[in-house]
Amino acid sequence: AQKITQTQPGMFVQEKEAVTLDCTYDTSDPSYGLFWYKQPSSGEMIFLIYQGSYDQQNATEGRYSLNFQKARKSANLVISASQLGDSAMYFCAMRDDDMRFGAGTRLTVKP
Amino acid sequence: EAGVTQFPSHSVIEKGQTVTLRCDPISGHDNLYWYRRVMGKEIKFLLHFVKESKQDESGMPNNRFLAERTGGTYSTLKVQPAELEDSGVYFCASSQALGQPYNEQFFGPGTRLTVL
């Protein structure tokens, strides 16, 4: 069975600094996709970044990058130059046929 | 282009009552998913439609939950009778046909269900 683990229930970061949100996963399927979503206090789920299991390079989208370590089955999200608006819940997810989510990490950016 | 919409945004019902949640996916999206997040826990998959067919309903908690997607457009999720533990936020998501380079799921705003 798939399993997604986010070990950090809450994280704090100073504005303008970088932060890494951890995510590990477990699957026996060789083909899968990894996603990160942001959920601000308004409740909507916002797609941030995607990494395919066969992608050779780590995904990047603006200030977001995914540190993909396939052998360790980790897909950590790195947010550079944190902004106050980055304060939100962040969910890691994995998909083969269907999506499975981690428990989430609440990030608070301090001014 | 309209995103995924869900109705209602909030619902407060008493234990034993029936509630029906509705999801309208993005037009043209064959895949429709239901998820729920209960009491601050992780988001859990409920089921997946491909057009009008249930592709995977392994996440449905019990037979009090019934999902339908007649005509392959909007979907409803009915809880009957509702129990206290059903309280949470129910998310719907949709995506294009499988086989795309990746299959980003677009989420609706969720329906917050409170069972008293």
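Letters A, B, ... are given to chains in the order of the sequence lines, protein chains preceding strands, and every chain is numbered from 1.
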Participant: Cut-off 3.5 Å, no hydrogens considered: what does the side-chain donor-acceptor table look like for residues 6-16 of chain B, sequence neighbours left out?
Facilitator:
residue, atom, partner, partner atom, Å
B:Gln6, OE1, B:Cys92, N, 3.0
B:Gln6, OE1, B:Gly110, N, 2.9
B:Gln6, NE2, B:Tyr90, O, 2.9

Participant: In terms of heavy-atom contacts, does NZ of B:Lys78 have more than 12 from other residues, nucleotides or ligands at under 6.0 Å?
Facilitator: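 12 or below, so no.
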Participant: Do A:Leu21 and A:Leu84 land in one hydrophobic cluster if side-chain heavy atoms of ILVMFWY residues count as linked below 4.5 Å?
Facilitator: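 Linked within one cluster.
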Participant: What distance separates A:Arg95 CZ from B:Phe45 CZ, expressed to the nearest 0.5 Å?
Facilitator: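 Those atoms lie 12.5 Å apart.
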Participant: According to disulfide (SG to SG under 2.5 Å), does anything in residues 54-89 of chain A pair up with another residue at least two apart or in another chain? List the pairs.
Facilitator: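 Of all non-adjacent pairs touching residues 54-89 of chain A, none passes disulfide (SG to SG under 2.5 Å).
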Participant: Could you go through the ring pair (Phe, Tyr, Trp, His ring centres under 6.0 Å) check for A:Phe47 and B:Phe106 one step at a time?
Facilitator: CA-CA 8 Å; A:Phe47 167 77; B:Phe106 296 85; 7.8 Å; no
Participant: I would like to know whether A:Glu44 and B:Phe91 meet side chain to side chain contact (heavy atoms under 4.5 Å, CB included); could you show each step before the answer?
Facilitator: CA-CA 9 Å; A:Glu44 72 270 30; B:Phe91 288 101; over 6 Å; no
Participant: So which part of A:Gln6 gets closer than 4.5 Å to some heavy atom of chain B, the side chain, the backbone, both or neither?
Facilitator: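 No part of it gets close to chain B.
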Participant: Hydrophobic clustering (ILVMFWY, side-chain heavy atoms < 4.5 Å, transitive) - are B:Leu21 and B:Leu116 grouped together?
Facilitator: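 Hydrophobic grouping puts B:Leu116 apart from B:Leu21.
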Participant: Run A:Phe101 and B:Phe107 through ring pair (Phe, Tyr, Trp, His ring centres under 6.0 Å) and show every step you take.
Facilitator: CA-CA 13 Å; A:Phe101 286 82; B:Phe107 280 76; 5.7 Å; yes
Participant: Can you confirm whether B:Arg37 sits close enough to A:Met45 that some side-chain heavy atom of one is under 4.5 Å from a side-chain heavy atom of the other?
Facilitator: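 Of all side-chain heavy-atom pairs linking A:Met45 with B:Arg37, none is under 4.5 Å.
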